[in-house]
Amino acid sequence: MNERFTASSFRNPLLPDEVIFSEKGVTFKEKKVLSSSESFVFYNDIAGVEIDSGVFFATIRIKARAREQEIIVENFTKDDARTIKELIVARAFN
């Protein structure tokens, strides 16, 4: 049940973002040079998922209820971004 997706190391070889699925929710790890953040969201607290696709990579935006800011994870392949969105939609909206 635990599935993990790691962003492409091509654009950020040392600090790729991650998305980790568990039974109750999903964890988003956003990694930066001087700081990192980790957000856990229960599936039923997810209000929406958007994908911004570039030429090779995609950014995933997660809108969670009771949070002002959306969660943004970057540099995933387009296929991984679509799979992540499908998994979130299947678990959050069914």
Report yes if the side chains of [X] and [Y] come closer than 4.5 Å at any heavy-atom pair, otherwise no.
X: I46; Y: V26; result: yes
X: I60; Y: F28; result: no
X: F76; Y: V19; result: yes

Hey, could you give me the [atom1]/[atom2] distance between [X] and [Y], rounded to the nearest 0.5 Å?
X: E30; Y: E18; atom1: CD; atom2: CD; result: 12.0 Å
X: E70; Y: S39; atom1: CD; atom2: OG; result: 12.0 Å
X: I71; Y: K29; atom1: CD1; atom2: NZ; result: 14.0 Å
X: R67; Y: I62; atom1: CZ; atom2: CD1; result: 10.0 Å
X: R65; Y: N44; atom1: CZ; atom2: CG; result: 7.5 Å
X: I72; Y: E50; atom1: CD1; atom2: CD; result: 10.0 Å

**Report entry** Within 6.0 Å of NZ in K78, more than 12 heavy atoms from elsewhere
**Finding:**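 Count over threshold, so yes.
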Report task. Kindly write out the residues that satisfy side chain to side chain contact (heavy atoms under 4.5 Å, CB included) with T77, not counting sequence neighbours, or none if the list is empty. Result ->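 Counting only residues at least two positions away or on another chain, T77 forms a side chain to side chain contact (heavy atoms under 4.5 Å, CB included) with D79, D80.
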Report task. Applying side chain to side chain contact (heavy atoms under 4.5 Å, CB included), name anything that partners D52, two or more places apart in sequence or on another chain. Result ->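 For D52 the side chain to side chain contact (heavy atoms under 4.5 Å, CB included) partners, ignoring immediate neighbours, are T59, R61.
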Query raised in the report: Got a sec, which hydrophobics cluster with F40, joining ILVMFWY side chains under 4.5 Å apart, including via others?
Result: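 F40 shares its hydrophobic cluster with F42.
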**Report entry** Heavy-atom pair with the smallest gap, counting every atom of A81 and A58
**Finding:**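 That would be CB-CB, 3.7 Å.
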Query raised in the report: Do V49 and L87 share a hydrophobic cluster, counting only Ile, Leu, Val, Met, Phe, Trp and Tyr and linking them when any side-chain heavy atoms are less than 4.5 Å apart?
Result: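 Yes; L87 is reachable from V49 via cluster members.
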Report task. Have a look at F21 and tell me which of T27, I88, N2 forms a side-chain contact (heavy atoms from CB on, under 4.5 Å) with it. Result ->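 With F21 as partner, T27, I88, N2 yield a single side-chain contact (heavy atoms from CB on, under 4.5 Å), made by I88.
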Query raised in the report: Is there a donor-acceptor contact under 3.5 Å from the side chain of Y43 to the main chain of G25?
Result: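 Yes, Y43 side chain to G25 backbone: donor-acceptor pair under 3.5 Å.
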Query - Flag, side chain of D17 to backbone of E74, donor-acceptor distance under 3.5 Å - result: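 Confirmed, D17 side chain pairs with E74 backbone.
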